[in-house]
A.B. asks: 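Here it is, the structure, as structure tokens.
Read the numbers this way: they start at 1 and go in the same order the structure lists the ligands and their atoms.
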Amino acid sequence: MKNKIIIANWKMSLLYQESMDVASAIAQLKGNIPPDVELVICPSYVSLPGVAEILKNTDIKIGAQDLFWEERGAYTGEVSPVDLANFGCSYAIIGHSERRMNLAETNVMVHGKVKIALKNKLAPIICIGENWDERHVGQRDYVLIRELNEILGGIQLQDGDNVVIAYEPIWAISSGKGIFAEPQEVKYVSEVIRQVLIDLYDAHRIESSIRFIYGGSVNKLSIKKYTELPHIAGVLVGNASTKPEEFISLIKNA
Ligand code: PEP
């Protein structure tokens, strides 16, 4: 595992041809990605094979934006983790707040998705975070603790498993207004999460299999504030990752 990880979530912001164009621009980066940075691109499902093809001779990894909690069956519209792994994905974003809000995704569903991801050697990028109202009534820590326990409870981790926990405060995501969690708060949250993990796993397992990252309006100017924090392994980037120039500067600044 490299020291730092930058994950690009293209959401549904880029259509097919735009995804190919941005992937081609990123592929040019090759030697300019800092050696300790692991770069993961999460395109839409339909763009995934094309992006994988463009990035095949680079170290850049591919992730899915979601997956289903079964491998096959009568699940209209869903995508199998087996296909995702076979198409070259090594990561999958799971439990993004946009899915929780728009599609009523619950922690129970996220739990099932994390399990099947691990079974298929896909590293789950588990998104957790409080909304503005919860934050204002002082419930941030409670929300995070509950989410983590409900998602990870009962899931055993084995050698070689790779789990990323992304603190994505909902009020900071796609704010478009430069609203983000201050690095000191992210550092504090990383400590809260560590306390929960200590109840679930032994210290060696946490050290070897779990990384903590931040996501929420990160851009080329703010990236360094997060990547230089000791317990933060990296960032999940939405909007800024869809603009090649901005994203390339962000990677270089990491
Ligand atoms: C995200 O969607 O996970 C995200 C962090 O988006 P943005 O960077 O646009 O806030």
Side-chain angles (χ1 to χ4, degrees), residues 4-15 18-19 22 26 37-45 47-48 51 61-67 89 91-103 105 107 110 113-114 117 122-132 135 140 143-144 147-148 151 163-183 185-186 189-190 193 211-227 229 232-254:
K4 300 284 170 203
I5 182 165
I6 298 177
I7 302 166
N9 176 13
W10 288 353
K11 316 190 185 195
M12 206 178 70
S13 304
L14 295 178
L15 301 184
E18 293 161 339
S19 302
V22 179
I26 292 170
V37 171
E38 182 179 359
L39 187 56
V40 183
I41 307 292
C42 303
S44 68
Y45 284 137
S47 304
L48 218 146
V51 170
K61 301 206 174 121
I62 306 286
Q65 294 179 18
D66 186 39
L67 46 63
C89 286
Y91 285 84
I93 298 173
I94 301 181
H96 194 283
S97 57
E98 286 155 8
R99 294 194 60 82
R100 292 174 187 260
M101 283 186 298
N102 298 323
L103 296 154
E105 196 159 294
N107 290 334
V110 176
K113 291 180 178 195
V114 171
L122 292 163
I125 301 158
I126 304 169
C127 300
I128 56 171
E130 82 286 1
N131 66 30
W132 188 254
R135 177 182 182 76
R140 178 197 53 207
V143 169
L144 298 172
E147 285 186 321
L148 271 180
I151 294 167
V163 174
V164 177
I165 296 175
Y167 172 50
E168 294 224 306
I170 297 169
W171 47 271
I173 293 178
S174 296
S175 70
K177 301 179 199 116
I179 299 173
F180 46 80
E182 289 297 337
E185 179 171 357
V186 176
V189 164
S190 77
I193 287 174
R211 285 177 288 177
F212 171 77
I213 67 171
Y214 167 72
S217 297
V218 176
N219 59 32
K220 65 179 176 192
L221 300 176
S222 61
I223 172 97
K224 188 102 189 139
K225 291 200 276 187
Y226 300 104
T227 52
L229 290 173
I232 314 297
V235 288
L236 179 50
V237 187
N239 189 36
S241 72
T242 60
K243 302 172 193 145
E245 272 177 37
E246 164 88 22
F247 192 48
I248 288 168
S249 304
L250 182 151
I251 294 163
K252 289 180 180 163
N253 292 346

A.B. asks: Apply the side-chain contact (heavy atoms from CB on, under 4.5 Å) test between I93 and each candidate in N9, I126, L67; give the one that qualifies.
C.D. replies: N9
A.B. asks: Using a strict cut-off of less than 4.0 Å between a Lys/Arg side-chain nitrogen and an Asp/Glu carboxylate oxygen, indicate whether R135 and E130 qualify as a salt bridge.
C.D. replies: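 E130 and R135: salt-bridged.
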A.B. asks: Which heavy-atom pair separates A254 from V37 by the least distance, and what is that distance?
C.D. replies: CB-CG2, 4.3 Å
A.B. asks: Assess A166 for proximity to ligand 1: is some non-hydrogen atom of it under 4.0 Å away?
C.D. replies: no
A.B. asks: For ligand 1, which atoms have a heavy atom of N239 less than 4.0 angstrom away?
C.D. replies: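 With N239 as reference, the close atoms of ligand 1 come out as 7 (P), 8 (O), 9 (O).
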A.B. asks: State whether R211 and E38 are salt-bridged, where the test is any N-O pair (Lys NZ or Arg NE/NH1/NH2 against Asp/Glu carboxylate O) under 4.0 Å.
C.D. replies: yes
A.B. asks: Would you name the heavy atoms of I6 and I251 that are closest together and state the gap between them?
C.D. replies: CD1-CA, 4.0 Å
A.B. asks: Atom 4 (C) of ligand 1: which protein heavy atom is closest, and how many Å away?
C.D. replies: G238 N, 3.6 Å
A.B. asks: Determine whether a donor-acceptor pair (N or O, by modelled atom type, separation under 3.5 Å) exists between the side chain of E246 and the backbone of A240.
C.D. replies: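 Flag not set: sc E246 to bb A240 has no pair under 3.5 Å.
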A.B. asks: Show me which atoms of ligand 1 lie under 4.0 Å from any heavy atom of S217.
C.D. replies: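 Those atoms are 7 (P), 8 (O), 10 (O).
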A.B. asks: Between P124 and I94, which heavy-atom pair has the shortest distance, and what is it?
C.D. replies: CB-CD1, 3.8 Å
A.B. asks: Measure the distance from atom 1 (C) of ligand 1 to every protein heavy atom, then report the residue, atom name and distance (to 0.1 Å) of the closest one.
C.D. replies: H96 NE2, 3.2 Å
A.B. asks: How are the rings of Y167 and Y214 set to each other: parallel, tilted or perpendicular (split at 30° and 60°)?
C.D. replies: tilted
A.B. asks: Identify, by atom number and element, the atoms of ligand 1 in contact range of L236, meaning under 4.0 Å from any of its heavy atoms.
C.D. replies: 3 (O), 5 (C)
A.B. asks: Give the residue, atom name and distance (to 0.1 Å) of the protein heavy atom nearest atom 2 (O) of ligand 1.
C.D. replies: K11 NZ, 2.5 Å
A.B. asks: Provide the number and element of each atom of ligand 1 under 4.0 Å from a heavy atom of A172.
C.D. replies: 10 (O)
A.B. asks: Considering distance alone, does some N or O of G216 sit under 3.5 Å from an N or O of ligand 1?
C.D. replies: no
A.B. asks: Using a strict cut-off of 4.0 Å, indicate which atoms of ligand 1 neighbour a heavy atom of E168.
C.D. replies: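 Taking each heavy atom of E168 in turn, ligand 1 has 1 (C), 3 (O), 4 (C), 5 (C) under 4.0 Å.
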A.B. asks: Would you please determine whether A240 falls within less than 4.0 Å of ligand 1 on a heavy-atom basis?
C.D. replies: no
